[in-house]
Engineer: 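Dropping the structure in here first, questions after.
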2 protein chains.
Amino acid sequence: MTFSEENYLKTIFHLTAFSDQEVSTNAIAEMMATKASSVTDMLKKLAEKDLVHYKKYQGVSLTANGRLLAKMIVRKHRLWEVFLVEKLDFPWDEVHDIAEQLEHIKSEKLINKLDNFLGNPTEDPHGDPIPDAYGKIIKTEKLLLSELGFNQSGICVGVKDSSKEFLKYLDKNQIALGTQIEILTKEDFDFSLKIKVDEKEVTISNKIANNLFVKLV
Amino acid sequence: MTFSEENYLKTIFHLTAFSDQEVSTNAIAEMMATKASSVTDMLKKLAEKDLVHYKKYQGVSLTANGRLLAKMIVRKHRLWEVFLVEKLDFPWDEVHDIAEQLEHIKSEKLINKLDNFLGNPTEDPHGDPIPDAYGKIIKTEKLLLSELGFNQSGICVGVKDSSKEFLKYLDKNQIALGTQIEILTKEDFDFSLKIKVDEKEVTISNKIANNLFVKLV
DNA sequence: ATAATTTTTTAGCTTTGTCTAAAAAGCGTC
DNA sequence: GACGCTTTTTAGACAAAGCTAAAAAATTAT
């Protein structure tokens, strides 16, 4: 498999992760910042290799085979992210781009040894689950901070948006995985929240609350 | 820089490391298992980017620029090899192929953090020197086992040939970096040696002795 | 139901890195 | 210096993966 094929599989996997429907050519093109015509070409090639179900004009979905391969790429990506943060001390907003490269290294033995070296983590530094060597994914149930009510408290367990900008914002406000957050007040007008983090009161917008996963406590 | 360009630079670096002369198109083609015509095409491109000195039919050598880049690739390769052996417990004969992939990961910060994580090693698992972040290489003087005389002893500090086959042979005979070896007798007919390794006597061929680096002790 | 719009595919071109076959340059021998 | 052999380069082709522009299918609106 080429890097490009792997990137397409991964994109299709992410786009079908929640909806579980066929995904459109345009959606893939947009996510990969490429042109629909390029996507069509690749879909034909992936269909040829029995990695996707593809019928002209009908959208596309992964075959069992394709899904397993996609999960292995996600596994590699997330394990490398753990390595970068835990072992090399990278800040969590810098690991994605490097992991995008590392995820294409081909060696099953390498990734399994890395997994062991890291202590078989089940989540990456953004709280996303790491598939095991068989592709099994354990998802922990989590809710958005915006779903909590007054006086409820949650522990931050992940981010929905993992862009550099959002992660840096969280760093600046001393919110990290494991941080406890209590909802103090909710503004009816713009749904902004006043929350308590480490004994400090902070006001955050609805957009922030909508991208932060917490576990009720 | 593409992977292919990096591989050419690395090959030219290795071929010019000792002789310090221009290297021929054919020599590069042979080492890379490709065709001379492909090499010519690439040399033009590298010359264009001022990474090599190239004049038709005259052979090729690295520019200062090209040499530095080549050293950075070698640095990455060897640091990753240390990681694989020291941290992930890979046997020394399995790391080369994986390091060939890892050496192309682009992130200066990554490689410098990796260097620190590994304790700034100066040699890779085969005894080859690791260039520092500025490209500086400290070579320790070492001689071939075949250059030792009767009753002299050396500590194994590296291998000249680092093929899987040779490394496995050494493993089988319990010879590793750091192993002490004493020359017992030398056969005049085929230059085979009787040596003492760990209180055990072993007979090795001239070819083996010619590919094992030692430090006099 | 037909027209307009959007989405997707096709056709044809570009670049990168490879190849084969043929031409050109360099070298060794006399 | 000419002849033949080896090495190197050129010319032209191909596969991968992208692009643009145009055609075709699907969808939405009238």
Side-chain angles (χ1 to χ4, degrees), chain A residues 1-16 19 21-63 66 69-70 73 97 100-101 103-106, chain B residues 1-16 19 21-62 66 69-70 73 100-101 103-106:
Chain A
M1 270 220 298
T2 65
F3 284 21
S4 191
E5 289 172 334
E6 292 190 343
N7 286 333
Y8 274 93
L9 281 188
K10 193 181 51 162
T11 301
I12 297 167
F13 177 76
H14 287 312
L15 286 171
T16 52
S19 64
Q21 292 261 287
E22 270 77 36
V23 65
S24 76
T25 302
N26 262 6
I28 297 169
E30 194 185 350
M31 174 149 282
M32 299 189 71
T34 185
K35 297 293 142 97
S37 54
S38 308
V39 175
T40 301
D41 287 346
M42 182 56 87
L43 294 184
K44 284 184 195 163
K45 197 197 307 185
L46 293 175
E48 195 66 39
K49 297 188 174 189
D50 196 40
L51 298 172
V52 298
H53 297 296
Y54 171 63
K55 281 171 75 180
K56 282 189 192 182
Y57 298 101
Q58 304 282 127
V60 75
S61 63
L62 295 171
T63 61
L69 286 177
I73 299 162
D97 294 345
E100 287 279 294
Q101 297 182 64
E103 73 190 3
H104 299 296
I105 301 294
K106 278 150 192 79
Chain B
M1 269 223 297
T2 64
F3 284 21
S4 190
E5 290 173 333
E6 292 191 341
N7 285 334
Y8 275 91
L9 281 189
K10 195 182 52 161
T11 301
I12 298 168
F13 177 76
H14 287 312
L15 286 172
T16 53
S19 65
Q21 294 260 287
E22 271 77 35
V23 65
S24 75
T25 302
N26 263 5
I28 297 169
E30 194 185 350
M31 174 150 281
M32 298 189 72
T34 184
K35 295 294 142 96
S37 55
S38 309
V39 176
T40 299
D41 287 346
M42 182 56 85
L43 293 183
K44 285 184 192 161
K45 200 198 304 186
L46 293 175
E48 197 64 40
K49 297 190 175 186
D50 197 40
L51 298 172
V52 298
H53 297 298
Y54 171 64
K55 281 171 75 180
K56 281 190 194 178
Y57 297 101
Q58 304 282 128
V60 75
S61 63
L62 295 170
L69 286 177
I73 299 162
E100 288 279 296
Q101 298 181 63
E103 74 189 2
H104 299 295
I105 301 294
K106 277 149 193 79

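In what follows, chains are A, B, ... by sequence order, proteins preceding strands, each numbered from 1. Hydrogens, waters and symmetry mates play no part in the numbers below; they use all other heavy atoms, side chains included.
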Engineer: Go through D:dT8, C:dT8, D:dC19 for me and flag the one nearest to the B:S24 side chain.
Structural biologist: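 Comparing D:dT8, C:dT8, D:dC19 against the side chain of B:S24, the answer is D:dT8.
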Engineer: Among D:dT8, C:dT18, D:dT10, find the nucleotide with the atom closest to the side chain of B:K56.
Structural biologist: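 Nearest to the side-chain atoms of B:K56, counting from C-beta on, is D:dT10.
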Engineer: Quick check on D:dT6: is either OP1 or OP2 less than 4.0 Å from any side-chain nitrogen or oxygen of B:N26?
Structural biologist: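 Result: no.
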Engineer: So, does B:Y54 get its side chain near the phosphate of D:dT9, meaning an N or O under 4.0 Å from OP1 or OP2?
Structural biologist: yes
Engineer: From the list C:dA25, C:dT9, D:dT10, which nucleotide is the closest neighbour of the side chain of B:D41?
Structural biologist: D:dT10
Engineer: Donor-acceptor check, side chain of A:T16 to backbone of A:F13, threshold 3.5 angstrom: yes or no?
Structural biologist: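 Present.
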Engineer: For a quick check of understanding: with a heavy-atom distance under 4.0 Å over all strands, which category does A:Y8 fall into, base, sugar-phosphate or nothing?
Structural biologist: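 If one applies the 4.0 Å heavy-atom cut-off, A:Y8 turns out to touch the sugar-phosphate alone, with no base involved.
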Engineer: Which nucleotide sits closest to the side chain of A:M42: D:dG18, C:dA25, C:dT7?
Structural biologist: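 Taking heavy atoms from C-beta onward, the closest nucleotide is D:dG18.
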Engineer: Start at the 5' end of DNA chain D and walk down; is the nucleotide closest to A:Y57 or to A:T34 reached first?
Structural biologist: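 Counting from the 5' end, the first nearest nucleotide belongs to A:T34.
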Engineer: Quick check on D:dG18: is either OP1 or OP2 less than 4.0 Å from any side-chain nitrogen or oxygen of A:S38?
Structural biologist: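 It does not, given that no N or O in the side chain of A:S38 lies less than 4.0 Å from OP1 or OP2 of D:dG18.
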Engineer: Whole-Å distance between C:dT16 P and B:M1 CE?
Structural biologist: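 Between P of C:dT16 and CE of B:M1: 15 Å.
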Engineer: Under 3.5 Å, side chain of B:E22 to main-chain N/O of B:Q58, donor-acceptor pair present?
Structural biologist: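 No; zero donor-acceptor contacts below 3.5 Å.
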Engineer: Side-chain contact, heavy-atom cut-off 4.5 Å: A:K10 with A:E100?
Structural biologist: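 Of all side-chain heavy-atom pairs linking A:E100 with A:K10, at least one is under 4.5 Å.
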Engineer: Nearest of C:dT9, C:dT18, D:dT9 to any side-chain atom of B:A36?
Structural biologist: D:dT9
Engineer: Out of curiosity, B:N7 CG to B:I12 CD1, how far, rounded to the nearest 0.5 Å?
Structural biologist: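 CD1 of B:I12 is found 11.0 Å from CG of B:N7.
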Engineer: Could you tell me the separation between the CD atom of B:Q58 and the P atom of C:dA25, rounded to a whole number of Å?
Structural biologist: 13 Å
Engineer: Taking donor-acceptor contacts at under 3.5 Å, does the side chain of A:S37 reach the base of D:dT20?
Structural biologist: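 Answer yes: a donor N or O sits under 3.5 Å from an acceptor.
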Engineer: Using the side-chain heavy atoms of A:K35, tell me which of these nucleotides is nearest: C:dT18, D:dT20, D:dA16.
Structural biologist: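 Per side-chain heavy atoms of A:K35, the pick is D:dT20.
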Engineer: Taking the nucleotide of DNA chain D with the nearest heavy atom to each, does A:M32 or B:T25 sit closer to the 5' end?
Structural biologist: B:T25
Engineer: Which nucleotide sits closest to the side chain of A:S4: D:dG18, C:dA24, C:dT18?
Structural biologist: D:dG18
Engineer: Could you check whether any side-chain N or O of B:T25 sits under 3.5 Å from a backbone N or O of B:T40, counting only pairs where one atom can act as donor and the other as acceptor?
Structural biologist: no
